[in-house]
Structure formats: C-alpha cells, structure tokens
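Treat the numbers as computed from the prediction; the structure is a model and nothing was measured. Chain letters run A, B, ... following the sequence lines, proteins first and then strands; every chain starts at 1.
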Amino acid sequence: MTSEAPAARRAGSAERIRWRLGVGPVWALCLVELQKVRHDRTELLTRAIQPALWLLVFGVTFTRIHAIPTGDLPYLDYLAPGILAQSALFIAIFYGIQIIWERDAGVLAKLLVTPAPRVALVTGKAFAAGVRAVIQGVVILALSAVLGVSLTANPLRIGATLVVLVLGAGFFSCLSIVIAGLVLSRERVMGIGQALTMPLFFASNALYPVALMPAWLQAVNRVNPLGYEVDALRGLLLGTPAHLALDVMVLLVALAVGVTVAAALLPRLTR
Amino acid sequence: MSEEPAAEGGTAPAVEISGLRYAFGARAAVDGIDLRVAAGEVFGLLGPNGAGKTTTIRLIVTLLPCPPGSVRVFGLDAARERMAVRRCVGYVPQQLSADGALTGRQNVALFARLYGVPRAEREERVARSLSAMGLEEAADRLAGTYSGGMMRRLELAQALINRPRLLVLDEPTIGLDPMARAVVWERIGALRAETGMTVLVTTHYMDEAEQHCDRVALMSLGRIRALGVPAELTAGLGPEASLEDVFRACAGDSLSFLDAAGGDARDIRSTRRTASRLG
Ligand SMILES: Nc1ncnc2c1ncn2[C@@H]1O[C@H](COP(=O)(O)OP(=O)(O)O)[C@@H](O)[C@H]1O
Ligand SMILES: [Mg+2]
C-alpha cells in the first residue's frame, strides 16, 4: 500500500506479535466456523434432533421407570449433562473427515503454506469444533430447561459449562484429526470414528453412575476424557459433587497432547 | 497493490532449483530438474498429467520436504527457511479451494488473518484484493454461488492478500470455459503489469502458455525436456509449429502429448472433481 500512517504501523506491530503467538489464526478459524453456522442454520436444527431424542425418549422413559438409581436426582437431570457431552463428542469425532475433505479440496494445502504455525492451525480447528459444540450445547440446555431439568441459573457456572464443552470438543476433534493423519482416507476415519464413539460414550458416566459399572469398565472410564467432561458438566450444571479441578486439568492436558500430535501429523495429509 | 517488494533477496532469482528429485515410494515424480525463474517473469511449467508439475510446485511452496540447497525462493532456502519462503509466496492449488459456505469477502478475510495482515489495514486490503480480481460486486455473496471462473479469481484474491512476490498457480484455468480462461489470464496479466510480481504457472493447455508466458519449461516423466521463450522454441521447428510440436519433438515422437506419461488416476480424479464442482 502506498501510504501507511505511522500510527497504523505501530498498532500493526503489536498485532503482529499477538499474531505470531498464534492468536490470529486461532481466532480466524473460529470466526469462519461462526460465519458458516450463520449462513446455514438448518444444520443446527438437524443436529439437535438426536440429543433431543435421547432426552425425550431415553431420559423421560427411564425417569419414569426408575431403572437407573441416581439418588435424589431425577434420571432426566442426571442424563442432561451426559447428552451435552455426547453431542459435543459426536460433532468433534468427525472433524477428521472435514480435514480429509479439506485436503482433497486443496484447502489444507493453502492453510499449510501460510506462515501460521501448525499448532495454531490445529488449535483453531479444535476451538472451531468447540464453537459448534457450544452452539449445540445452548440448544440442548434450553431443551433441558423446558423439560424441567433443574439447571443452575448461575451465569458463571453456565459459562464454565461452555468452557468445559469447548475443551472436550477440542480434544475429540484433535483425536479425529490424529486418526485422519494416520489413516489418510475418509472412509477409514468414518469407520474408526464410528467404532470409537459408542465405546467412548457407553464406557463413561454419561448414562449411568460409575458405581454401577463393572470394575473393568470403571477402569476404562478413568482414562476416558469424556468421563471427566461429564463429571465437570454435572457438577457445574446440577451442583452434584464433582472433581472440577481434576476434570479441567485432565481435559487441558488431553487437549494439549491432542493438539501437539495432530499438528505433527498434519503435513502427512498433504504429502 | 503497489507495494515494493520486501528487502530480502533483492536480486536473487524468484525460483532457483538445482538437481531436485522427489519420489513417492519407488516412483520418481520429479527426476532431477534444474530451473531458474527470473524475478518479474511469467513462467509456465508445461506437461501432460503426471509429468510432475504439481509435485515441483508443492516442493517450491514448502508443502513437500526437499533437501537443503535444492530449492531457493528469492534466495531463501525452501528447506531451511520455510517460514520466510511462505511469507513471500502466494499459492493457488489445482483444485477449486475457496469455501462455498462463506462469502467471497469472508474467504479473503480468513487468509488476511492467517497471514497476519494488521487489523487496521485488513478491511481495505481485502477489498482491494477482491476488486483487483473483479469481484467487488459479488464479494458478499456465498462463494458457492460463484461460477468456476469467479471461484478461480476468488482464490487469486486470497493468494494476493499477502502481496506475495511470487505467485504460484497450479492449473489456474483447468476446467474453465474459454471465456472464463481469458478473464483469468487477463487478471493475471494486469496484476503482473501493476506489481511486477513473478508468476509461476502450470498448465497443460499449450496454446495458453504460448500466449501468456515469457518463458516455458516442457516437462514429462519428471524431467524438463525443453526450456525457453515459446516463440524461439517453436521457431526451430518451422513457421507453423506450436509448443505441442516442440513437446512431441523433445519427448520422443512416440509420445503424443495428451497421452504421454500414461494416465494418472489421482490427477484425473481431482480434475473431474474440480470440473463437477464447476457444474
Ligand atoms: N501423493 C502422491 N502419492 C503417490 N504418488 C503421487 C502423489 N502425487 C503425485 N504422485 C505421482 O507423481 C507423478 C507426478 O504427479 P504430479 O506432480 O501431480 O503431475 P502433474 O501435476 O504434472 O500432473 C504422477 O505419476 C503421480 O501419480
Ligand atoms: Mg498437477
């Protein structure tokens, strides 16, 4: 450009530093996700159907027949945070397919030839999955409230809920990108994603208390980030006893590992 | 877009390749090439599907690893100074890679952010990039509604946002109708005239290269078979000769241009996909 005001230059240099740290690309990729959601809202609705069915059919029925002992808590209340985590998982676990699609369409190559660090690109993708999960989560929370789940009204707790959702979705989207980086084909990502979601979901405390599980399943739950996510969500939304600090720590570490491994595998996709 | 080029590597050639090889498994896609693209020229890399053009380009833009010293961009080593190379290159891949679920402006703004264009300048530079490609009217429509030619120009606008010194275009006119092809070339020409930027372009349309490139390299089976100014290359074969004749002459006459190097399923598939997305 011909004439840049010195002030603009100075503002520019501060921004460059922030950008180098990777905030710029991360925000850019989240923003794009928001813009896409705005352009196509039908997807929001179609994606709300499955969690709605879980709450309406499974939740309401099992609340009535008292098949799953959840203490003083109505089963529907117990279930709602689990479904929240589940919907974030389902959104995130297929992000690898999107990466493969982006590879085939040349988009990934274009991202990788920008000077943005790989780690920032993957973090951006992870948070983009988080953005989707949060939007979905708000729909599910609203639905739960309508169904009479006694959710917290504390805005801080709701905020923290959404943060936990972002961390969970971020981790599982990285897991999906890692799978994509290893198997390199859409079909296999799809297959492995499908093979993985149900065990992750059922071997967690999303549907029933850990105490009801056989010992080996309890062990699985202990290494399953989804279990920590559900624990935190339940604690935040319902005020049940939870290990919030541990849960958030586990999710943060899982996300950091996920981002690192996914970033290392990303260039494999464009070879 | 009247930015003076960055200081680094002021007089170095835009691209300098020496003894470059790249193999996918046992198959050498690029089989020892030497090439020098001067700053400011429009250079065409020509050859049939599977010749190794895309692989060469992906090595130049740092998507594939190369040995140190084998690829230099404005004097910067593509193996050792990858970030610096990325900062001065704009790249448009063979596929139509703009995002149909975003508007044209959002597509360009995304890359403005990824390249760290300061916020104070961003809006204006995005608008300039779009208008340099004749997309100001369509800027706020979803790119999914664009024609193939507009999509290509949108990708050029994305690649230009960083004001690259070297613009690398992989088959920019593939799958486009003749009108749209002409418009794309016209924009590339105007851009070059205005900014003096170097353009490295691959194509398998010989006529286009003859018309629009300052110099060309003819590639087949991973090697460069001929290199020079199109008019000089054809002059050697008589007044009526075309680049296609040159190609036939230097790649061996048993090798007709269009089916040289055998088919390449990957390439054909992605070309088909591009064509079908163009509708
Ligand atoms: N990712 C890849 N994996 C394996 N082989 C590849 C890959 N990309 C290209 N090739 C092979 O390398 C050769 C050169 O391909 P390419 O550079 O795409 O040629 P062009 O762009 O000239 O059509 C072809 O034989 C092709 O099959
Ligand atoms: Mg090619």
Provide the closest heavy-atom pair for [X] versus [Y] in the form atom of the first, atom of the second, distance.
X	Y	result
Gly106(A)	Pro93(B)	O-CG, 3.7 Å
Thr270(A)	Leu64(B)	O-CD2, 4.2 Å
Ala28(A)	Leu114(B)	CB-CD2, 4.5 Å
Ala105(A)	Gln95(B)	O-CB, 3.5 Å
Lys110(A)	Ala98(B)	NZ-N, 4.2 Å
Phe111(B)	Leu111(A)	CZ-CD2, 4.2 Å

Beyond-backbone contact of Val107(A) with Asp99(B), side-chain heavy atoms, under 4.5 angstrom: no

Pro65(B) and Arg271(A), any side-chain heavy atoms less than 4.5 Å apart: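 They are in side-chain contact.
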
Structural part of Leu108(A) lying under 4.5 Å from a heavy atom of chain B: neither

Proximity breakdown for Arg268(A) and chain B, heavy-atom pairs closer than 4.5 Å: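 When you check distances to chain B, no heavy atom of Arg268(A) falls under 4.5 Å.
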
Residue among Leu102(B), Thr55(B), Val85(B), Val89(B) with most heavy-atom pairs under 4.5 Å to chain A: Leu102(B)

Arg86(B) side chain to Ala116(A) backbone, donor-acceptor under 3.5 Å: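 No, the answer is negative, given that no donor and acceptor are paired below the 3.5 Å cut-off.
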
N/O donor-acceptor pair under 3.5 Å between Gln106(B) side chain and Gln35(A) backbone: no

Pairwise distance CG(Leu112(A)) to OH(Tyr91(B)) - rounded to 0.5 angstrom: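 OH of Tyr91(B) is found 10.0 Å from CG of Leu112(A).
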
Is the number of heavy atoms from other residues, nucleotides or ligands under 6.0 Å of [X] [atom1] greater than 12?
X	atom1	answer
Arg82(B)	CZ	no
Glu123(B)	CD	no
Met83(B)	CE	yes

Leu110(B) vs Leu29(A), side-chain contact (heavy atoms from CB on, under 4.5 Å): CA-CA, chis, key distance, verdict: CA-CA 7 Å; Leu110(B) 167 63; Leu29(A) 291 171; 4.1 Å; yes

